[in-house]
**Student:** 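This is the structure I want to talk about, given as structure tokens.
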Amino acid sequence: MEEGARLVLLTSGGLRPGEKVLVVVDETTRSVGHTFVEVAGDLGADPVLLEIRARTADGVEPPHPVGTAMAASDLVLLATGRSLTHTHARRAATRAGARVISMPAVTLDMVRGGGLAADWSKIHDLVRRTARRLRGAREVHLTSAAGTDLRFSVQGREWISEDTGLCNRKGAFTTLPAGELFIAVVEGSAEGRLVVDVYFEGEVPEPATAVIAEGHATRIVGASAAVEAMNRGGKEGRALGRFGFGVNPLARVTGPYLEAEKAVGSAHLGFGDNLVIGGKIHCGVRVECILSDVRVEVDGNAVIEKGRTVE
């Protein structure tokens with residue numbers, strides 16, 4: 001566990017002796033926070049642990065004094081149950097020059113041997129190498145052991161490859177676990193069958209299926225929560241808007257949602273909004289799903305196959 005914390009602090013955060021380190025936790029992540037504080041102290045930093053009341057939803061601001069402390073720190077670890085990623089406090093801290101690592105819903109198990117225990121310099125290099133291979137991609141063919149067989153266009157869209165886990169420059173920010181590349185799907189282009197066996201707006205005890213026609217999900221079976229969420233966005237709530245795949249070899253598809261989507265061999269699809277990543281859909285909903293044991297083929301060349309990245 002200590003080794004995982006060291007990797008986060010050193011290879012992700014670029015921690016240097018004497019730096020001011022702030023670890024923000026709530027009652028659900030207190031033990032994780034203590035591990036990071038102990039290891040940061042052993043590495044010669046000057047760590048502080050601040051515990052806040054658990055937020056009621058992602059994006060709810062921390063108390064004002066916590067935001068002030070974040071902005072005055074060199075390195076900030078947001079190790080809370082709910083995400084503080086998209087808060088004014090986080091943005092103000094990075095503007096002030098703090099390096100901020102957000103780890104929502106982090107667990108000791110993730111630090112001990114899951115997706116957080118990676119060497120982030122290696123993940124960074126892998127993501128960048130894969131991104132270079134994907135430049136100018138036109139079509140993705142996604143299949144899975146559970147029965148997915150789906151094709152869609154990404155022509156003219158840019159792969160987003162910033163999810164590398166490195167946070168070693170002044171004002172840098174990352175979310176951990178990292179190790180995913182994703183892209184906005186060309187609207188209306190997806191055709192085929194989707195079989196979701198990990199997550200579809202919640203864990204799925206049995207695989208859920210959807211027919212995808214002209215870019216929209218129809219005849220969805222086994223994912224009532226996903227259907228309800230999609231319907232709030234009207235027709236565009238059922239539009240396949242984004243696609244991503246994981247390359248982190250230590251992330252577990254059986255782990256929490258934010259770890260599972262980074263696991264090598266998993267694919268992550270989103271219905272609804274994709275405007276912020278270069279698409280055209282803005283309907284007010286975003287419904288996520290994760291598949292395991294996938295094969296990702298781009299323009300006829302395998303990129304992910306048999307649980308590994310093809311290089």
Side-chain angles (χ1 to χ4, degrees), residues 1-16 18-94 96-118 120 165-168 171-178 250-252 255-262:
M1 183 164 53
E2 287 76 12
E3 180 59 23
R6 284 174 60 88
L7 285 168
V8 169
L9 290 164
L10 292 175
T11 71
S12 178
L15 180 64
R16 294 174 283 276
E19 286 197 308
K20 296 174 290 185
V21 176
L22 176 66
V23 183
V24 182
V25 300
D26 58 35
E27 57 265 36
T28 69
T29 57
R30 188 179 297 145
S31 55
V32 177
H34 281 291
T35 297
F36 278 110
V37 166
E38 181 178 342
V39 174
D42 291 343
L43 293 171
D46 189 13
V48 173
L49 182 73
L50 282 180
E51 181 175 321
I52 64 174
R53 293 181 64 187
R55 306 291 92 177
T56 56
D58 294 341
V60 176
E61 295 291 327
H64 181 73
V66 175
T68 301
M70 289 167 59
S73 301
D74 296 308
L75 178 64
V76 179
L77 305 184
L78 302 176
T80 49
R82 292 287 193 169
S83 175
L84 299 179
T85 297
H86 301 294
T87 58
H88 295 301
R90 196 280 299 166
R91 296 186 187 98
T94 52
R99 308 190 306 279
V100 182
I101 299 173
S102 182
M103 300 176 285
V106 61
T107 66
L108 285 173
D109 196 40
M110 291 166 64
V111 179
R112 185 178 294 113
L116 279 173
W120 298 107
L166 283 194
C167 189
N168 52 15
F173 168 73
T174 193
T175 300
L176 296 182
L250 291 184
R252 301 158 301 181
Y257 170 83
L258 289 173
E259 181 179 4
E261 67 183 6
K262 310 304 192 316

**Student:** Under the side chain to side chain contact (heavy atoms under 4.5 Å, CB included) rule, what do Asp46 and Val21 come out as? Steps first, then yes or no, please.
**Tutor:** CA-CA 6 Å; Asp46 189 13; Val21 176; over 6 Å; no
**Student:** Any heavy-atom pair between the side chains of Val8 and Val111 that's under 4.5 Å?
**Tutor:**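 No, side chains not in contact.
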**Student:** Would you say the side chain of Thr175 lies within less than 4.5 Å of the side chain of Pro104, judging by non-hydrogen atoms?
**Tutor:**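 The answer is yes; the side chains approach within 4.5 Å.
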**Student:** Got a donor-acceptor contact below 3.5 angstrom from the Lys20 side chain to the Ala72 backbone?
**Tutor:**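 Between the backbone of Ala72 and the side chain of Lys20 there is a qualifying donor-acceptor contact (under 3.5 Å).
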**Student:** Write down the atom of Thr94, the atom of Arg91, and the distance for their closest heavy-atom approach.
**Tutor:**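 Closest approach of Thr94 to Arg91: OG1-O, 2.9 Å.
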**Student:** Does any part of the side chain of Thr87, heavy atoms only, come nearer than 4.5 Å to the side chain of Val60, both counted from C-beta?
**Tutor:**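 In short, these two side chains do not touch, never coming nearer than 4.5 Å.
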**Student:** Can you see which heavy atom on Ala172 is nearest to which on Cys167, and at what distance?
**Tutor:**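 Distance-wise, the nearest heavy atoms are O-SG, 3.4 Å.
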**Student:** Between Glu38 and Thr35 (side chain of the first, backbone of the second, donor and acceptor by atom type, cut-off under 3.5 Å), is there such a pair?
**Tutor:**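 Between the backbone of Thr35 and the side chain of Glu38 there is no qualifying donor-acceptor contact (under 3.5 Å).
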**Student:** Just by modelled atom types, is the Met110 backbone N or O under 3.5 Å from a matching donor or acceptor in the Thr107 side chain?
**Tutor:**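 It does hold such a pair.
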**Student:** Main chain of Pro177, side chain of Lys262: is a donor-acceptor contact present, judged purely on distance under 3.5 Å?
**Tutor:**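 Indeed, once roles are kept as given, a pair shorter than 3.5 Å links the two residues.
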**Student:** Spell out, as yes or no, whether a donor-acceptor pair under 3.5 Å connects the side chain of Ser73 to the backbone of Leu75.
**Tutor:**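 No, Ser73 side chain to Leu75 backbone: no donor-acceptor pair under 3.5 Å.
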**Student:** So, the side chain of Thr29 versus the backbone of Ala79: is there a donor-acceptor pair under 3.5 Å, distance only?
**Tutor:**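 Yes, Thr29 side chain to Ala79 backbone: donor-acceptor pair under 3.5 Å.
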**Student:** With a 4.5 Å limit on heavy-atom distance, are the side chains of Val24 and Val66 in contact?
**Tutor:**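 Yes, close enough: below the 4.5 Å cut-off.
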**Student:** Show, in sequence, the C-alpha distance, side-chain angles and deciding distance for Ser12 and Leu176, and conclude whether the side chain to side chain contact (heavy atoms under 4.5 Å, CB included) test is met.
**Tutor:** CA-CA 9 Å; Ser12 178; Leu176 296 182; 3.8 Å; yes
**Student:** Is the shortest side-chain heavy-atom distance between Thr174 and Leu166 below 4.5 Å?
**Tutor:**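 Heavy-atom side-chain distance check fails, nothing below 4.5 Å.
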**Student:** Does some side-chain heavy atom of Leu49 sit less than 4.5 Å from a side-chain heavy atom of His34?
**Tutor:**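 Side chain of His34 against side chain of Leu49, heavy atoms only: contact under 4.5 Å found.
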**Student:** Is there side-chain contact between Leu43 and Leu10, with at least one heavy-atom pair below 4.5 Å?
**Tutor:**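 Touching, per the 4.5 Å side-chain cut-off.
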**Student:** If you measure from OG on Ser102 to CZ on Phe173, what distance do you get to the nearest 0.5 Å?
**Tutor:**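 Going from the OG atom of Ser102 to the CZ atom of Phe173 covers 5.0 Å.
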**Student:** Stepwise, does the side chain to side chain contact (heavy atoms under 4.5 Å, CB included) test hold for Met103 with Leu116?
**Tutor:** CA-CA 9 Å; Met103 300 176 285; Leu116 279 173; 4.0 Å; yes
**Student:** Shortest non-hydrogen contact from Leu250 to Ala117?
**Tutor:**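 Taking every non-hydrogen atom into account, CD1-O, 3.1 Å.
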**Student:** Which residue is it: Val100, Asp58, Leu78? I am looking for the one with a side chain to side chain contact (heavy atoms under 4.5 Å, CB included) to Leu84.
**Tutor:**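 In the set Val100, Asp58, Leu78, the residue that makes a side chain to side chain contact (heavy atoms under 4.5 Å, CB included) with Leu84 is Leu78.
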**Student:** Between Arg99 (side chain) and Gly171 (backbone), is there a donor-acceptor pair under 3.5 Å?
**Tutor:**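 Checking the backbone N and O of Gly171 against the side chain of Arg99, no donor-acceptor pair under 3.5 Å is found.
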**Student:** Does a side-chain heavy-atom distance below 4.5 Å link Arg112 with Glu3?
**Tutor:**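 Counting from C-beta outward, Arg112 and Glu3 never come under 4.5 Å.
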**Student:** Hey, mind stepping through Leu9 and Ile101 against side chain to side chain contact (heavy atoms under 4.5 Å, CB included) and telling me if it holds?
**Tutor:** CA-CA 9 Å; Leu9 290 164; Ile101 299 173; over 6 Å; no
**Student:** For Arg53, does its backbone N or O pair with a side-chain atom of Asp26 as donor and acceptor, under 3.5 Å?
**Tutor:**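 It does not hold such a pair.
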**Student:** Before giving the answer on salt bridge (Lys or Arg N to Asp or Glu O under 4.0 Å), spell out for Arg252 and Asp109 the whole-Å C-alpha distance, their side-chain angles and the decisive distance to 0.1 Å.
**Tutor:** CA-CA 11 Å; Arg252 301 158 301 181; Asp109 196 40; 2.7 Å; yes
**Student:** Taking all heavy atoms of Ala98 and all of Val76, pick out the closest pair and write down the distance.
**Tutor:**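 Scanning both residues completely, I find the closest heavy atoms to be CB-CG2, 4.2 Å.
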**Student:** Which atom pair, heavy atoms only, marks the closest approach of Gly67 to Ala89?
**Tutor:**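 Distance-wise, the nearest heavy atoms are CA-CB, 4.1 Å.
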**Student:** Would you call Asp42-Arg6 a salt bridge at under 4.0 Å N-O?
**Tutor:**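 No salt bridge links Asp42 with Arg6.
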**Student:** Can Glu61 and Arg90 be counted as an ion pair, charged N to O under 4.0 angstrom?
**Tutor:**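 Result for this pair is no, no salt bridge flagged.
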**Student:** Examine distances only and state if a side-chain atom of Thr11 and a backbone atom of Trp120 form a donor-acceptor pair shorter than 3.5 Å.
**Tutor:**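 A pair under 3.5 Å: yes.
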**Student:** Less than 4.0 angstrom from a charged side-chain N to a carboxylate O is my criterion; do Glu27 and Arg30 meet it?
**Tutor:**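 No.
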